[in-house]
Amino acid sequence: MAGSLQAPKGVPEYLPPASGQFLAVREALARPARLAGYGYIELPVFEDTALFERGVGESTDVVSKEMYTFTDRGERSISLRPEGTAGVMRSVIEHGLHRGGLPVKLWYAGPFFRAERPQHGRYRQLQQVGLEAIGSDDPAIDAEVIAIADSSFRGVGLQDYTLQLNSLGCQTCRPTYSQALREFLADCDLDDATQQRAALNPLRVLDDKRAEVQEQLEEAPLPGDYLCDDCMTHYAATRAFLRDLGVSWVEAPRLVRGLDYYTRTAFEFTHAGLGAQSGIGGGGRYDGLMASLGGPELSGIGFGLGVDRTLLAAQAEGITLADPDRLTCFLVPLGEPARRVAVTLLGRLRAAGIGCDMAFDSRAIKGAMKAADRSGARYALIIGDDEIAAGTVMMRDLIDGVQEAVSLDDVPGRMMGAP
Ligand code: HAM
């Protein structure tokens, strides 16, 4: 006999009733982007491998070690998307969205795939809510994007998180900084693989989490020491707008981020309740990305918020969100004539947009009431012979146990505004 089937390693599954919290968190994370005029974009879950190699960068762990890459039936190299920004750029270029006015503001949500070593909060299929604002150099949009991420986390109810902020410089000042860092790293005691990284993209080494590497980096030159005048002005203005928006942050001069496309503003949100995988969201500017993918010279900025980790952070803070799919009522028919009334009422309630279910299979009252409790509904609507004779249902509040007879015709109205 074949062994029992299991989900792939490192892939979280969200099952009812806990999945209600997952949906609620994802919805809360996405709401501020919608309110700020970002349009929804649904993207392919797999793309040509070359898009990620060119867009995200071959020196990153994400591309060099963690991509799920395969050859399809047409001998093309395909990869499951490890992140969303490169795909958004590809789509904007392909469909000429930038010709319809700037900035192009888009948001997305869905699964991304990284073959990382699984641990608490680090998964091989991870969920993000992300957004991108393309074609504006205005520091006010940097502040807007960061403030949206901040209100997304606030909307979930999180309090125990920190926004870390840095500027990474631009095509003008970055080369001087990279060279200084490369020279510094050449004198450090690093293994061959790390030296090779230092040659390819020295900023990657700053992001190395190993203690023996970090120890040697205490005196390393930092991006902030090399910013050109334009980058300094941009960063100062971004911070001024953030202050106007009431967003608080800490300066993080060593923050570099794990993907290669970042320029200027870079940020990360970390949560105190998560342990090693503390990043609940991050993003930044990527001013050369569009052009490097064959598109127009347009700047951009965006973020990705981790839904799985935000859910863990919410649990760590003891936050429970209202489940968007929670039922309002559960019908309990007692006897065959009552089942006919219940099925009709169920149809009417659902047509009116009210979430409801009923006890099937002619259950006795005890089993049916148990099912009502388990359903998560606020009210049980009990229908027996007496109720049919009176043209009513018995509406029982499943939280406080209070019940009252309600006329059948009044039921949809009563349920409509129900908590
Ligand atoms: P990222 O920092 O790689 O950025 O990912 C964003 C968020 O996704 C992280 O802060 C984390 O919460 C979540 N995440 C990443 N990897 C995992 C994992 N293995 N398990 C669980 N959660 C994870 C990006 O992906 C960029 N595309 C963000 C961006 C958009 N930058 C500009 N625009």
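The structure presented is a predicted model; accordingly, all values stated were derived computationally and were not measured. Throughout, numbering of the chain's residues begins at 1 and tracks the sequence. Every number for a ligand or one of its atoms is a count from 1 in the order of the listing.
Each of Tyr262, Phe303, Tyr261 was evaluated against Tyr286; a single residue qualifies, Tyr261, per the ring-ring contact (aromatic ring centres under 6.0 Å, His included) test.
Side-chain atoms of Arg114 do not come within 3.5 Å of backbone N or O of Val62 as any donor-acceptor pair.
Listed as neighbours of ligand 1 are Glu83, Thr85, Tyr108, Arg114, Glu116, Gly121, Arg122, Tyr123, Leu126, Gln128, Glu132, Arg257, Leu259, Tyr261, Tyr262, Gly279, Ile280, Gly281, Gly282, Gly283, Gly284, Tyr286, Gly302, Phe303, Gly304, Gly306, Arg309, each bearing a heavy atom under 4.0 Å from the ligand.
A cation-pi contact, defined as under 6.0 Å to the ring centre and within 45° of the axis, is absent between Arg26 and Phe22.
A perpendicular orientation is assigned to the rings of Phe113 and Tyr68, their planes being inclined by more than 60° (bins at 30° and 60°).
Under a cut-off of 6.0 angstrom, the local environment of CG in Asp361 is sparse, with at most 12 non-hydrogen atoms contributed by other residues, nucleotides or ligands. Residue Glu212 qualifies as enclosed at atom CD: its count of foreign heavy atoms under 6.0 Å is above 12.
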